[in-house]
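Written below as structure tokens is the structure these notes are about.
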Amino acid sequence: MSNRPLNVGLIGGGKGAFIVQPHQKAIHFDGTRRVVAGALFPDPRIALEEADKWPYPIKGYGSYDEMINVQKDLPAEQRLDYVLIVTPNHVHFDPAMKAVKAGIPVFCEKPLTVNLKEAGVLVKAVKAKNIPFGVAHTYLGHWTSRFSRYIIRSGLLGEVRWVDSYYLQGWLATKVEATGLQQAVWRTNPKMAGGSGCGGDIGTHALMHLRYVTGLNVTQLSAQLETFVEGRALDDHFTIYCKLSNGAKALVRATQIAIGHKNDLGIEVNGSKGTLRWRAEDPECITIHLSNQPDRVYWRGAVTPGDGFLPKDMPADLMAEPTIPAGHPEAFHDAFARLHRCFEADVRKWQAGEKFASDGSKYANVDDGWTGIAFIEACLKSNTKKGAWTAMPTPKAG
Ligand SMILES: NC(=O)c1ccc[n+]([C@@H]2O[C@H](COP(=O)([O-])OP(=O)(O)OC[C@H]3O[C@@H](n4cnc5c(N)ncnc54)[C@H](O)[C@@H]3O)[C@@H](O)[C@H]2O)c1
């Protein structure tokens with residue numbers, strides 16, 4: 001396998017954009033990937049100016065159409081190895097479809113699209129091309145999320161009974177969008193954000209975390225989408241009571257009006273033998289509670305197999321995932337880097353004509369993206385019926 005770095009093209013990211021920055025740092029983390037091109041802004045003139053101002057040299061394009069058209073005609077070894085889509089939600093579907101059709105792997109921000117119809121079309125296109133496609137559910141990239149997944153899915157805490165999966169923020173507790181702050185403006189506009197504001201933006205992270213850690217799916221839900229800030233067009237508080245595929249129940253909740261909470265994503269899983277707790281704001285450890293035993297706190301990098309709770313034969317790939325010693329803290333950027341690292345591995349396998357997994361175990365895939373949008377649509381449906389129990393759409397219906 002070649003050790004040339006993978007070349008990445010950005011779609012979105014100019015003029016004070018937010019999430020492009022953690023991504024571009026994470027892309028460069030290992031020296032095996034680098035950003036080389038970008039269509040950074042909707043206005044072609046500004047897009048080129050922004051590319052010129054980028055902190056290291058990249059090839060600027062006036063639009064993502066131009067970038068994809070140029071790239072698709074290049075010989076495979078000169079083409080972008082993948083594109084990263086970091087535009088607002090309503091500009092995910094079009095560039096993603098165009099890149100996939102051009103045979104360029106895609107790492108796309110969440111939520112996948114703004115409606116289920118588009119999500120279904122994208123899933124079909126990705127499967128038809130058999131091409132790597134990742135969705136940026138950041139928090140799956142924490143090592144402790146991998147570890148939580150292992151603990152719950154291997155049954156160490158027994159049968160899952162109840163899950164509380166949440167993402168709490170307070171930054172939209174006032175009408176911030178009226179100040180013109182770009183990130184608030186599009187997130188509160190249904191044409192750009194989709195049918196649910198808070199749910200689409202951060203509720204999808206809480207749902208994905210529940211599914212990733214437990215391996216369970218939501219089968220039915222009862223939703224309350226509320227808007228606390230007067231005059232706001234979309235929900236800023238999202239509370240979903242769920243039935244899960246094993247008969248357990250769950251709360252998937254998100255809020256943007258809980259002053260004091262910053263990016264407080266977390267999960268608590270109550271199993272028949274014990275409880276697991278994890279919070280992204282304190283991401284280096286998980287706590288395990290077993291009946292009548294002292295609480296156990298497990299730190300990334302300091303986990304001892306065969307300690308009386310963990311089995312001796314822990315999965316090698318989990319234990320070996322590149323990491324730094326415990327006590328040198330990993331955080332948000334490391335989580336993004338782990339996702340890009342695993343996506344890179346799939347892209348390299350795909351380029352070599354080998355089977356690649358893209359199975360959702362290392363990063364969210366296009367099916368996970370579809371499920372996020374299906375969840376939002378079911379929540380909107382339930383909410384209009386005053387929280388009536390509503391079935392989750394099945395993939396076929398997409
Ligand atoms: N995974 C996470 O943890 C996480 C966190 C924040 C945001 N996000 C997601 O990332 C996306 C971007 O969010 P953000 O907060 O960075 O938004 P932002 O407003 O800061 O940045 C969006 C960028 O897209 C550009 N853009 C818009 N239309 C474009 C077009 N047609 N062509 C080229 N560029 C275009 C804008 O100019 C801007 O540079 C959203 O989908 C959001 O949901 C994910």
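Whatever order the structure lists them in is the order used to number ligands and atoms, beginning at 1. Index from 1, following the sequence.
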Can you pull out the closest protein heavy atom to [atom]? Residue, atom name and distance to 0.1 Å, please.
atom	value
atom 37 (O) of ligand 1	Phe41 CD1, 3.1 Å
atom 25 (C) of ligand 1	Gly12 CA, 3.8 Å
atom 18 (P) of ligand 1	Gln182 NE2, 3.4 Å
atom 39 (O) of ligand 1	Gly14 O, 2.8 Å
atom 12 (C) of ligand 1	Val86 O, 3.4 Å
atom 27 (C) of ligand 1	Pro88 CD, 3.4 Å
atom 17 (O) of ligand 1	Trp186 NE1, 3.3 Å
atom 3 (O) of ligand 1	Thr138 OG1, 2.7 Å

Qualifying residue for ring pair (Phe, Tyr, Trp, His ring centres under 6.0 Å) with Tyr139, from Trp278, Tyr212, Tyr167: Tyr167

Proximity flag Gln183 to ligand 1, non-hydrogen atoms under 4.0 Å: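 Within the 4.0 Å threshold, so yes.
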
Ligand 1 contact by His205, heavy-atom criterion under 4.0 angstrom: yes

Can we say [X] and [Y] salt-bridge, meaning some charged N sits less than 4.0 Å from an Asp/Glu carboxylate O?
X	Y	answer
Lys175	Asp236	no
Lys127	Asp367	yes
Lys381	Glu377	no
Glu321	Arg341	no
Asp164	Arg253	yes

Are any of the N or O atoms of [X] closer than 3.5 Å to those of ligand 1?
X	result
Val20	no
Asn89	yes
Gly13	yes
Ala17	no

Test of ring centre spacing under 6.0 Å for His209 and Tyr166: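 No, the ring of His209 stays outside the 6.0 Å limit from the ring of Tyr166, centre to centre.
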
Any idea which part of [X] is under 4.0 Å from ligand 1, heavy-atom wise: side chain, backbone, both or neither?
X	result
Asp201	side chain
Ala39	backbone
Ile19	both
Arg187	side chain

Candidate list Ile19, Ile11, Leu84, test side chain to side chain contact (heavy atoms under 4.5 Å, CB included), partner Glu109, passing option: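 Running side chain to side chain contact (heavy atoms under 4.5 Å, CB included) over Ile19, Ile11, Leu84 with Glu109 returns exactly one hit, Ile19.
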
Side chain to side chain contact (heavy atoms under 4.5 Å, CB included) partner of Phe133, the single match among Asn365, Leu122, Val123: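 Exactly one option meets the side chain to side chain contact (heavy atoms under 4.5 Å, CB included) with Phe133, and it is Leu122.
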
Cationic tip of Lys262 above Trp171 ring, under 6.0 Å, 45° of axis: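 Output no; distance or angle outside limits.
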
NZ or CZ of Lys59 within 45° of Tyr61 ring axis and under 6.0 Å: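 Judged by the rule, Lys59 and Tyr61 form a cation-pi pair.
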
Residue pair Tyr82 / Asn7, side-chain donor-acceptor N/O under 3.5 Å: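 Tyr82 vs Asn7: no donor-acceptor pair found between side chains.
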
Donor on one side chain, acceptor on other, Asn69 and Tyr64, under 3.5 Å: no

Numbered atoms of ligand 1 (with element) below 4.0 Å of Phe18, judged on heavy atoms: 5 (C), 6 (C), 15 (O), 16 (O), 20 (O)

Sub-4.0 Å atoms of ligand 1 with respect to non-hydrogen atoms of Ala136: 1 (N)

For atom 8 (N) of ligand 1, the option (of His92, Glu109, Met208) bearing the nearest heavy atom: Glu109

Heavy-atom nearest option to atom 32 (N) of ligand 1, drawn from Tyr64, Phe332, Tyr167: Tyr64

